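What you see below is based on every heavy atom in this structure, not just the backbone, and it leaves out hydrogens, waters and symmetry mates. Quick caveat, the model's predicted, so the values are computed rather than measured.
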Amino acid sequence: MQRDAARALATAIADRLASPSDARDLGLARGWWPQSLAHGAAGVALLHIERARAGLAPWQRAHDWLTTAAHGQISAGEGSHLHYGAPALAFALHGAADQPGRYVRALDILDPHIAATTRRRIERAHTRMGRGDLPALAEFDAIRGLTGIGAYLLRRDRHADLIRAVLSYLVWLTEPVTDGGEVLPGWWTGLGPAGRPSVDFPGGHANSGVAHGIAGPLTLLATAMRRNVTVAGQADAIGRICAWLDQWRQNGDAGPWWPYWVTRAQLRDGRPSLPGPSRPSWCYGTAGLARAQQLAGLAIGDTARQHMAESALASALTDPGQLAATTDLSLCHGYAGLLHITGRAATDAITPALAGCLPRLLDAIVPNSAYTDQLAASLLPSPTDDFGLLEGAAGIALALHTAGTGTPPASGWDSCLLIS
């Protein structure tokens with residue numbers, strides 16, 4: 001019954017998002033960003049692509065959203081990244097390329113621009129390292145940085161030299177650096193979590209999360225290794241990141257958890273300032289960090305780490321305090337993200353506990369199958385909301401589709417989250 005309800009709600013949301021013109025006319029507070037994978041048409045296209053590949057919806061819907069995403073001048077320069085511009089559109093198009101020849105011409109046009117921009121970003125990163133400066137989060141993170149671009153390149157499998165250049169950069173990023181007389185991990189940034197200087201973060205911080213921190217590079221390094229795409233020092237880099245996460249792992253009544261970030265003051269004190277875990281989300285929380293370490297364990301054959309990561313995730317999903325802190329349904333920091341990560345982790349798990357968590361997570365999103373249409377309507381955006389992938393209805397529908405069908409994504413859409 002739960003799977004039936006999940007499929008029904010995913011279908012209802014997809015039907016209500018069938019036409020780009022309907023979404024464009026909503027007057028969204030964020031504006032209309034067709035090229036955005038996170039919040040715009042490129043991300044909604046993924047929902048229709050996945051459903052079309054499963055034979056549940058017409059390809060015309062996917063094509064209409066892709067056409068909307070590609071309308072106008074595509075951003076392919078320094079402002080582009082996995083979630084915006086040419087890489088975002090290419091990611092969606094690649095997911096739609098289920099047959100020989102489909103969208104090949106468009107991808108062949110986009111790929112050289114993505115490659116050129118990526119090479120420039122890698123060169124700038126090496127120049128920055130040579131000066132001994134600390135990185136910006138946007139240099140390396142999964143949303144705006146080289147980790148996100150690397151996720152596309154690994155999925156696309158067309159630029160073997162370029163994905164290895166990204167991996168080599170990430171290996172160097174894990175090397176310790178000295179700043180102000182203190183030894184810091186190489187991903188330490190002098191900025192705040194928002195990517196800007198902040199009086200609340202004097203001396204910067206080391207970010208732990210998947211979206212903007214070191215867990216994103218960890219997942220890319222591990223996923224690439226599992227696919228036999230490797231560079232010198234890759235296993236050592238995975239080990240350095242895992243050692244840092246071990247250093248900052250906290251073990252409480254609710255199981256293991258990790259702080260979202262570490263500041264200079266916390267580094268000197270040797271402990272985080274929070275007394276306990278925050279919400280266990282994909283972007284920053286235990287769910288994303290646990291999946292990253294499960295993948296690392298799988299990549300390097302570390303079953304003890306895999307077991308720890310799976311136990312941490314199961315503990316977070318059964319902790320009333322952490323679940324109470326989860327207040328929305330989104331992929332980024334809500335129940336859809338928890339559902340999808342847990343389903344993916346359960347498939348790879350060596351412990352049975354994670355599969356047992358799935359019915360409760362589904363129930364948090366679809367509490368009553370009799371009200372599917374009303375639920376779908378409530379998840380669609382008002383002018384102040386988001387219909388997109390990371391924080392909106394399209395992402396929720398994709399997680400429900402996967403849970404409802406019980407099969408991995410045919411389009412590979414979730415590789416943009418660095419969890420597969």
Side-chain angles (χ1 to χ4, degrees), residues 9-52 57 61-72 74-75 79-93 95-96 142-144 148 151-152 210-212 281-283 328-340 365 375-402 409 411-419:
L9 183 52
T11 298
I13 294 171
D15 287 345
R16 289 170 178 266
L17 288 174
S19 169
S21 62
D22 292 342
R24 188 189 291 111
D25 294 339
L26 285 169
L28 299 171
R30 288 177 182 257
W32 174 246
W33 296 88
Q35 297 177 42
S36 174
L37 194 70
H39 305 292
V44 180
L46 292 177
L47 169 61
H48 297 295
I49 290 164
E50 182 64 26
R51 290 177 55 77
R61 290 183 180 181
H63 183 72
D64 288 347
W65 280 94
L66 287 169
T67 300
T68 299
H71 181 71
I74 305 300
S75 176
S80 65
H81 49 75
L82 177 61
H83 285 267
Y84 184 75
L89 179 59
F91 182 90
L93 287 168
I143 301 293
R144 298 163 297 175
Y152 167 72
V210 174
H212 297 296
S281 56
W282 164 76
C283 51
D328 68 65
L329 302 182
S330 72
L331 276 180
C332 184
H333 40 252
Y335 276 102
L338 297 183
L339 173 67
H340 194 71
I365 305 173
L375 279 169
S378 71
L379 292 174
L380 286 176
S382 69
T384 59
D385 293 329
D386 187 336
F387 63 83
L389 177 71
L390 279 188
E391 298 181 31
I396 296 168
L398 276 165
L400 288 170
H401 169 84
T402 302
S411 64
W413 68 264
D414 60 349
S415 60
C416 71
L417 301 178
L418 280 296
I419 60 171

Engineer: To the nearest 0.5 Å, what is the distance between NE2 (H81) and OG (S36)?
Structural biologist: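 H81 atom NE2 to S36 atom OG measures 7.5 Å (nearest 0.5 Å).
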
Engineer: Under 6.0 Å between the ring centres of H401 and W413?
Structural biologist: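 Distance test on ring centres: not under 6.0 Å, no.
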
Engineer: Check A42 against A69 and note the closest heavy-atom contact, atom names and distance.
Structural biologist: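 Heavy-atom minimum between the residues: N-CB, 3.8 Å.
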
Engineer: Less than 3.5 Å apart, any donor N or O on the side chain of E50 or S411 sitting next to an acceptor on the other?
Structural biologist: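 A pair is found: one side chain offers a donor N or O, the other an acceptor, under 3.5 Å apart.
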
Engineer: Quick one: pull up OH in Y335 and CG in L400 and give me the separation to the nearest 0.5 Å.
Structural biologist: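 These two atoms lie 14.0 Å from each other.
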
Engineer: Under 4.5 Å between any side-chain heavy atoms of E391 and C283, yes or no?
Structural biologist: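 The answer is no, as the side chains (C-beta and beyond) never meet within the 4.5 Å cut-off.
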
Engineer: I want to check something: taking the side chain as every heavy atom from C-beta on, are P34 and H71 in contact at a cut-off of under 4.5 Å?
Structural biologist: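 Not in contact.
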
Engineer: How far does CD1 of I365 sit from CG of L329, to the nearest 0.5 angstrom?
Structural biologist: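 The CD1 atom of I365 sits 6.0 Å away from the CG atom of L329.
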
Engineer: Is any side-chain heavy atom of W282 closer than 4.5 Å to a side-chain heavy atom of L331?
Structural biologist: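 Result no, sub-4.5 Å side-chain heavy-atom pair not found.
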
Engineer: Compare every heavy atom of A92 with every heavy atom of L66, then report the nearest pair and how far apart it is.
Structural biologist: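 What the structure gives for the nearest pair is CD2-CB, 3.7 Å.
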
Engineer: Got R61 and L17 here, is their nearest side-chain heavy-atom distance under 4.5 Å?
Structural biologist: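 Side chain of R61 against side chain of L17, heavy atoms only: no contact under 4.5 Å found.
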
Engineer: Applying side chain to side chain contact (heavy atoms under 4.5 Å, CB included), run through L390 and L417 and close with a yes or a no.
Structural biologist: CA-CA 9 Å; L390 279 188; L417 301 178; 3.7 Å; yes

Engineer: Mind checking whether W65 and H48 have parallel, tilted or perpendicular rings, split at 30° and 60°?
Structural biologist: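 It falls in the parallel class, under 30°.
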
Engineer: Given side chains that start at C-beta, do those of H212 and R144 come closer than 4.5 Å, heavy atoms only?
Structural biologist: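 Yes, close enough: below the 4.5 Å cut-off.
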
Engineer: Looking at A399 and A336, what are the two nearest heavy atoms and their distance?
Structural biologist: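 What the structure gives for the nearest pair is CB-O, 3.6 Å.
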
Engineer: Can you tell me how far OG1 of T402 sits from CG of L398, rounded to the nearest 0.5 angstrom?
Structural biologist: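 Those atoms lie 6.5 Å apart.
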
